[in-house]
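Step one of this worksheet: look at the structure below.
Lettering follows sequence order; numbering is per chain, from 1.
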Protein chains: 2
Amino acid sequence: MRSSEVASRAGVNIQTLRYYERRGILPRPKRSEAGYRAYDAQAVRTVRFVKGAQRLGFSLEEIDSLLKLAAGEPHNCDAARAMATDKIAHIEAKIASLSAMRDSLRQLIATCDRSPSRRECPLLDAIEDESIIEGEGR
Amino acid sequence: MRSSEVASRAGVNIQTLRYYERRGILPRPKRSEAGYRAYDAQAVRTVRFVKGAQRLGFSLEEIDSLLKLAAGEPHNCDAARAMATDKIAHIEAKIASLSAMRDSLRQLIATCDRSPSRRECPLLDAIEDESIIEGEGR
DNA sequence: CTTGACTCCGTACCTAAGTACAGGGTTTAC
DNA sequence: GTAAACCCTGTACTTAGGTACGGAGTCAAG
């Protein structure tokens with residue numbers, strides 16, 4: 001697959017592919033005789049994952065570490081488990097905040113026939129400040 | 001409460017408060033005789049919400065619309081309900097992706113005593129491309 | 001009554017994550 | 001065999017979301 005095909009299938013710009021390659025997020029693909037990049041189908045999946053994870057609030061650095069983890073790095077099982085456990089904690093914190101937001105909005109829907117100031121939507125309190133103590137989210 | 005207190009309580013820079021004010025995300029607070037900003041406790045909650053929502057992948061523009069919704073805008077109940085319903089759909093899509101990511105990582109933990117290449121972690125497929133058809137996420 | 005710690009404003013700068021451009025080679029379709 | 005439509009590289013620009021800087025006013029403590 002050539003650059004433009006991967007790009008259009010994954011819904012990104014061609015330059016973005018090069019950018020990800022430079023960042024080490026997308027592996028350097030094989031090249032044709034003329035030096036053209038020849039991607040496999042995996043590349044599309046990877047890029048889609050990256051874009052999706054970004055929408056969930058992950059930085060490229062975090063996404064990079066998720067990709068490495070999914071690819072079998074680190075080799076050491078205990079280390080891999082520890083990393084995965086840490087990621088899961090972060091993810092569950094996000095899920096908890098989102099669930100609380102959803103519940104607030106449902107409450108708004110239920111009470112929105114009242115005067116606007118009397119509507120109930122405790123959205124501001126939906127997000128507990130769970131920073132997870134700088135345990136770094138790399 | 002003066003700027004520095006709000007900033008430190010909410011864990012942001014003072015300049016960030018001014019920036020949010022300019023963006024219309026934080027309401028212009030009352031001023032002291034000398035022109036100093038005098039914030040109420042609500043400001044801290046608002047800023048914390050903004051930072052939390054950003055970690056969940058919302059842009060300031062989206063966050064602005066969530067804040068308005070929570071504050072009783074639009075007045076019209078049907079319009080407010082429609083907006084809230086739309087937000088909920090977006091939020092649930094995020095929750096679904098995050099849940100799938102978490103499950104993938106759990107699977108990794110369960111299978112990580114195998115050789116790294118034999119570990120199972122379908123992380124790349126965890127995020128369905130649910131863009132919600134440009135239904136705008138304002 | 002001055003020193004240090006705060007505030008104001010406007011403007012300029014920074015980082016992350018792209019995106020575009022210039023100047024060049026390749027491939028395919030007529 | 002040449003134009004359209006690709007691709008390459010390196011470098012420069014852009015956007016969102018801040019952050020810092022300069023010059024000036026304020027206020028409490030010694």
Side-chain angles (χ1 to χ4, degrees), chain A residues 1-40 43-44 46-67 127 131 134 136-138, chain B residues 1-40 43-44 46-67 127 131 134 136-138:
Chain A
M1 233 186 294
R2 293 196 315 295
S3 301
S4 63
E5 190 173 351
V6 174
S8 77
R9 282 198 199 211
V12 303
N13 193 302
I14 291 180
Q15 325 295 340
T16 304
L17 298 180
R18 295 214 300 128
Y19 176 66
Y20 287 172
E21 186 177 324
R22 258 185 292 135
R23 295 266 322 220
I25 282 172
L26 206 53
R28 276 161 264 92
K30 286 187 213 110
R31 298 296 188 113
S32 74
E33 276 300 310
Y36 288 15
R37 287 173 181 79
Y39 292 99
D40 53 17
V44 177
T46 302
V47 176
R48 284 197 178 136
F49 173 78
V50 172
K51 299 314 283 183
Q54 282 184 310
R55 276 184 252 122
L56 298 171
F58 293 97
S59 68
L60 288 183
E61 202 173 343
E62 290 170 320
I63 291 167
D64 189 44
S65 76
L66 285 168
L67 287 172
I127 295 174
S131 53
E134 297 305 311
E136 46 53 56
R138 278 329 67 61
Chain B
M1 233 186 299
R2 292 197 315 293
S3 301
S4 62
E5 190 174 351
V6 173
S8 76
R9 283 198 200 211
V12 303
N13 194 303
I14 291 180
Q15 326 295 341
T16 304
L17 298 180
R18 294 214 299 128
Y19 176 66
Y20 288 173
E21 187 176 322
R22 256 184 294 136
R23 295 267 322 220
I25 282 171
L26 205 53
R28 277 163 262 91
K30 285 187 214 107
R31 297 298 187 112
S32 73
E33 275 302 308
Y36 289 15
R37 287 173 181 80
Y39 291 99
D40 53 19
V44 177
T46 301
V47 176
R48 283 198 179 135
F49 173 78
V50 172
K51 299 312 285 182
Q54 282 184 310
R55 276 185 252 119
L56 298 171
F58 294 96
S59 68
L60 288 184
E61 203 173 340
E62 290 170 319
I63 291 166
D64 190 44
S65 77
L66 285 168
L67 287 172
I127 296 175
S131 52
E134 297 304 312
E136 47 55 54
R138 276 332 67 61

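A close approach under 4.0 Å does not occur between any side-chain nitrogen or oxygen of A:Q54 and OP1 or OP2 of C:dA16. Residue B:Q15 places no side-chain N or O under 4.0 Å from the OP1 or OP2 atom of D:dG17. For B:S4, a side-chain nitrogen or oxygen approaches OP1 or OP2 of C:dT7 to under 4.0 Å. Contact between the side-chain N/O atoms of A:T16 and the OP1/OP2 oxygens of C:dT19 is found at a separation under 4.0 Å. OP1 or OP2 of C:dC8 lies within a sub-4.0 Å distance of a side-chain N or O belonging to B:S3. Listed pair B:R2 / C:dC6 fails the phosphate criterion, with no side-chain N or O lying under 4.0 Å from OP1 or OP2. Dashed line: the shortest gap from a side-chain N or O of B:R37 to OP1 or OP2 of C:dC8 is under 4.0 Å.
The base of D:dG18 lies outside donor-acceptor range of the side chain of B:Y20, with no N or O pair under 3.5 Å. Judged by distance alone, with hydrogens and angles left aside, B:R18 brings a side-chain donor or acceptor within reach of the base of C:dG10, the pair sitting under 3.5 Å.
Within the 4.5 Å cutoff, the side chain of A:D64 has no heavy atoms near those of the A:R23 side chain. Side-chain contact between A:R37 and A:V6: absent, with no pair of heavy atoms (C-beta onward) separated by less than 4.5 Å.
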query = Given the rule in the side-chain contact (heavy atoms from CB on, under 4.5 Å) test, do B:Y19 and B:I25 qualify, once you have shown the distances and angles that lead to the verdict?
reply = CA-CA 9 Å; B:Y19 176 66; B:I25 282 171; over 6 Å; no
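Comparing B:Y36 and B:R22 by the nucleotide of DNA chain D whose heavy atom lies nearest to each, the residue mapping closer to the 5' end is B:R22.
Between B:N13 atom CG and D:dG18 atom P the separation is 10 Å, expressed in whole Å. The separation between A:E33 atom CD and C:dG25 atom P is 18 Å, rounded to whole Å. Atom-to-atom, CD1 of B:I14 to P of C:dT7 comes out at 5 Å; the value is rounded to the nearest Å.
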Quick one: side chains of residues 28-36 of chain A, donor-acceptor pairs under 3.5 Å with protein atoms, not counting sequence neighbours, listed by atom name and distance.
| from | atom 1 | to | atom 2 | distance (Å) |
| --- | --- | --- | --- | --- |
| A:R31 | NH1 | A:G35 | O | 2.6 |
| A:S32 | OG | A:A34 | N | 3.3 |
| A:S32 | OG | A:Y36 | N | 3.1 |

